[in-house]
Amino acid sequence: RKEVEQDPGPFNVPEGATVAFNCTYSNSASQSFFWYRQDCRKEPKLLMSVYSSGNEDGRFTAQLNRASQYISLLIRDSKLSDSATYLCVVNTYTGNQFYFGTGTSLTVIP
Amino acid sequence: EAGVTQFPSHSVIEKGQTVTLRCDPISGHDNLYWYRRVMGKEIKFLLHFVKESKQDESGMPNNRFLAERTGGTYSTLKVQPAELEDSGVYFCASSQGTGSGEKLFFGSGTQLSVL
């Protein structure tokens, strides 16, 4: 079983739409959770950390459900510039290891 | 502040040749990671340095891959001899310490094509 699983998509949504991505992780000892954004042919860049109580950064809301071992990312009022691949990343402190999902592809359509 | 830098950005070599990739982490970051992404697959861990020591090299595919981190600064990843299946994007990432919420910062990657 993979450490981190994501629906690869693709998600094609119109501008202004709300879209949500989910991610599940297998190791219950995982401690830190992140969403990274990767543009085509670029490196992953940190979008936001995910905290236990949930957190929001502008149009982006991240939530963590430890009991069900899943993480979500909600994007409101989608912009064309949101088109990218969104990577779910989980860290286990044992060896300070980071695990990546395959990424979810989002295309925002005019 | 300079980010993680990688060199070269692209490398095209023939099967059997040797290639060396370099990564300069963010200054002061003890942790340095190498990852590889093959098209259509997830980013996969190769190895992890803490300063100059290899903390975990369980992701290294085989003994054709050799990574070093001299003096705990920059790191090199050598592939010798390269095979077709080694093609992919090699990312280097660094993080500062081992505390809660450690974040990874990535270099722009080296696109390796083995022909």
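Every chain is numbered from 1, with letters handed out A, B, ... down the list of sequences.
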Open item on the list: Could you report the tightest heavy-atom contact between R37(B) and L87(A), atom names first, then the distance?
Closed with: NH1-CD2, 3.9 Å

TODO: Considering non-hydrogen atoms only, spot the tightest contact between I43(B) and F100(A) and give its length.
DONE: O-CB, 3.8 Å

With only heavy atoms counted, which part of [X] is less than 4.5 Å from chain B, the side chain, the backbone, both or neither?
X	answer
Q38(A)	side chain
K2(A)	side chain
Y36(A)	side chain

Task: Common cluster, V89(B)/M60(B), ILVMFWY with side-chain heavy-atom separation under 4.5 Å - done: no

TODO: Kindly work out whether a path of hydrophobic side-chain contacts (I/L/V/M/F/W/Y, heavy atoms less than 4.5 Å apart) joins L115(B) to L112(B).
DONE: no

TODO: For atom OH of Y70(A), decide whether the heavy atoms of other residues, nucleotides or ligands shown that lie under 6.0 angstrom number more than 12.
DONE: no

Open item on the list: Would you say NZ of K54(B) has more than 12 non-hydrogen atoms from neighbouring residues, nucleotides or ligands within 6.0 angstrom?
Closed with: yes

Task: Rounded distance (nearest 0.5 Å) linking atom CE of M48(A) with atom NZ of K103(B) - done: 11.5 Å

- [ ] Give, as side chain, backbone, both or neither, the part of F45(B) having an atom under 4.5 angstrom from any heavy atom of chain A.
- [x] side chain

TODO: Sorted by first residue and then second, give each side chain to side chain donor-acceptor pair (under 3.5 Å) pair with at least one member in residues 9-21 of chain A; sequence neighbours left out.
DONE: none

Task: side chain to side chain donor-acceptor pair (under 3.5 Å): pairs with one or both residues in residues 105-115 of chain B, sequence neighbours excluded - done: none

Open item on the list: Measuring only between side-chain heavy atoms, which start at C-beta, is Q97(A) closer than 4.5 Å to D56(B)?
Closed with: yes

